[in-house]
Amino acid sequence: MSVAETSLPCSCNSSPVKPTTPLIAFLERLQETARQTFGDSNFDPKFYVDFSLRFDLSTTEDAFDDLPRSQNGSVPAKDLDGFLEKYLESAGDDLVYAKQSDFVPVPAGFLPKLENAEVRAWALEVHSLWKDLCRRVSDGVKKRPELHTLLPLPESVVIPGSRFREVYYWDSYWVIRGLLASKMYETAKGIVTNLISLLDEYGHVLNGARAYYTNRSQPPLLSSMIYDLYKRTGDMEFVRKSLPALLKEHSFWNSGIHKVTIKDAQGCNHTLSRYYAMWNKPRPESSIIDKESASKLLNVSEKEHFYRELASTAESGWDFSTRWMRNTSDFTTLATTSILPVDLNAFILKMELDIAFLAKVTGEKSTADRFLEAAQARKRAMNSILWNEKMGQWLDYWLDNSTSCKEEAQTWESLNQNQNVFASNFIPLWIELFNSDGLMVEKVMKSLQSSGLLCAAGIATSLTNSGQQWDFPNGWAPLQHMIVEGLARSRSKEALSMAEDIAVRWIRTNYAAYKKTGTMHEKYNVEACGKIGGGGEYVPQTGFGWSNGVVLAFLEEFGWPQDQKLDC
């Protein structure tokens, strides 16, 4: 069955839904009223669910219900402004700036391979951005958590920037890579401590530290954070304390709704994982947008299915992309829960290898052996189900919907591999089990060279210009980093040269945009050096955690020769 022939997915009746809170339900009502009152211009629905209450919820709701309303539900702007000022703390007020004891303006031994004075001056400016992005949760959140959608956390945080006023899961990996280059080891450990506290409380690391994110996770990179911190600091106690959390996270991604079994062409069963949010309503932070997107769907069950797909796509980190759509011109055909993604399974394979390594260094031999076996099994599964020899890429696999809600194994069909080219098809190269295989590196490298993804300013996310932000012509820092690092860590001189070339293009485009705008950006348009990315459901954001982290990581890895020009 081809992707195009697949019908609307079955409805999994037992699919879990994590309940929302009365505060979130109220803030969604407020969001809707604000949109009707203030209109579409510069309206960001997330702003309203990030508010905190000054008084208890019932008092606030009573006052809200007493506001004068027109027939369409709008409130006179001056009345709504007065209500907001009296009853609500503004978005972002629940986080306060945190001075980090391990931040120094010029760290000792900072970026030792960096010879060029102009690049060093800019790198120190990027380093200094950590001061702007470091926060701690205010005491008010800890005293009265019921008044806030922000979740209390034990340590200070590094936020991505702009509208993203809370810690995010997968962003944190590249933030930490930048903090390691900045020698800010304690701040980096604090981020991991926060993520583990969320895992302990909710059973998984949340998409972000807000009450409306409890129903989903994000690409699982906690083990990578702990592994890299251990390699840099040698802190064995930190590893010992962190290992139980990693075992819990591994279980989350390898059981229940995330686990899928596929029978390969030889009749062998393989287990792989998928994204699957525990939610079937509009996402509170985008409630209005989601309802509008679902408005053409005919019945409640179709809408609930679509809302689950929206939340599951947000769990993937790639929100949104034609990668997840059955029909690339119809957003309501999102079908992320029916896909076995290449990158998710690469991340879980890395988690298994990381756990094996960390268990070994702490003397837990049986755990190390068990996870080494699990990693080898997943490698076989990825090569059997996802690898496409002809293309020299790993491809996402579409599940057969007639059985995608059932326990029994599905039978592998070559037509179910998604043969469209995405940057994610090359992410397994980041994993040592793949980048240590010289023949495979050569195949994948040639495939990347001819893929059409390599552009003037970096690697494009896809080849489809859909207007979605995880599609062409946008390039994203984490994708550049994983592919470049995978190429660089292989034993191939040609791959290392390619890695350096991509890194140089990416550094140049970040620098050119920074010089033009004075800020680092969430994403970049890779068609031309210095162009900022766009598309998607919100305006382009600045700050920006993972972009800062990847630039610093690239400069640490490759340096910058004295005579190499920095401008486009």
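Start at 1 with the first residue, then count along the sequence.
With ring centers used as reference points, W506 lies 6.0 Å or more from Y511. Side-chain rings of W546 and Y168 stay apart, their centers remaining 6.0 Å or farther from each other.
Without hydrogens or angle criteria, Q393 side chain to N388 main chain gives no donor-acceptor distance under 3.5 Å. Under a 3.5 Å cut-off, the side chain of S384 and the backbone N or O of A381 do not form any donor-acceptor pair. The main-chain N or O of C568 is never found under 3.5 Å from a side-chain atom of R508 such that the two would form a donor-acceptor pair. When atom types are taken as modelled, the side chain of T461 and the backbone of N474 share a donor-acceptor pair closer than 3.5 angstrom. When atom types are taken as modelled, the side chain of D471 and the backbone of T322 share a donor-acceptor pair closer than 3.5 angstrom.
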Open item on the list: Could you walk me through whether E557 and R177 satisfy the salt bridge (Lys or Arg N to Asp or Glu O under 4.0 Å) test, starting with their C-alpha distance in whole Å, then the side-chain angles of each, then the deciding distance to 0.1 Å, before giving a yes or no?
Closed with: CA-CA 11 Å; E557 173 76 20; R177 287 299 298 260; 5.6 Å; no
- [ ] Let me see the working for N254 and R378 under side-chain hydrogen bond (donor to acceptor under 3.5 Å, both in side chains), right down to the final yes or no.
- [x] CA-CA 11 Å; N254 287 280; R378 191 171 300 269; 2.3 Å; yes
Task: Y538/E522 under side-chain hydrogen bond (donor to acceptor under 3.5 Å, both in side chains): CA gap, chis, key distance, verdict - done: CA-CA 12 Å; Y538 56 82; E522 179 193 25; 2.5 Å; yes
Open item on the list: Apply salt bridge (Lys or Arg N to Asp or Glu O under 4.0 Å) to residues K379 and D437 and explain how you reach the verdict.
Closed with: CA-CA 12 Å; K379 180 190 177 186; D437 178 339; 5.5 Å; no
Open item on the list: Is there a salt bridge (Lys or Arg N to Asp or Glu O under 4.0 Å) between K350 and E485? Walk through the geometry before answering.
Closed with: CA-CA 14 Å; K350 187 168 187 310; E485 193 163 76; over 6 Å; no
- [ ] For N525 and I532, run side-chain contact (heavy atoms from CB on, under 4.5 Å): C-alpha distance rounded to whole Å, both residues' side-chain angles, the deciding distance at 0.1 Å, then the answer.
- [x] CA-CA 5 Å; N525 179 331; I532 295 154; over 6 Å; no
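Rounding to the nearest 0.5 angstrom, the gap separating the CG atom in L429 from the CG atom in L448 is 8.5 Å. Taking OH from Y276 and CD from E309, the interatomic distance works out to 7.5 Å, rounded to the nearest 0.5 Å. One finds the CG atom of D228 at 8.0 Å from the CG atom of D354 (value rounded to the nearest 0.5 Å). Distance OG/S424 to CH2/W470: 10.0 Å, rounded to 0.5 Å. To the nearest 0.5 Å, the span separating CG on N383 from CD on E389 amounts to 9.5 Å. Once rounded to the nearest 0.5 Å, the distance linking NE2 of H270 with CG of D264 reads 3.5 Å.
Remark: R323 is positioned above the aromatic ring of W318, its terminal NZ or CZ atom under 6.0 angstrom from the ring centre and at most 45 degrees off the axis. Taking the centre and axis of the six-membered ring of Y202, the NZ or CZ atom of K18 falls outside the cone set by 45° and 6.0 Å.
Partner V342 forms a side chain to side chain contact (heavy atoms under 4.5 Å, CB included) with one of D396, I385, L272 and no other, that one being D396.
The pair E304-R308 does not meet the salt-bridge criterion, since no charged nitrogen lies less than 4.0 angstrom from a carboxylate oxygen. Salt-bridge formation is detected for the pair R232/E556: a Lys NZ or Arg NE/NH1/NH2 atom is positioned less than 4.0 Å from an Asp or Glu carboxylate oxygen.
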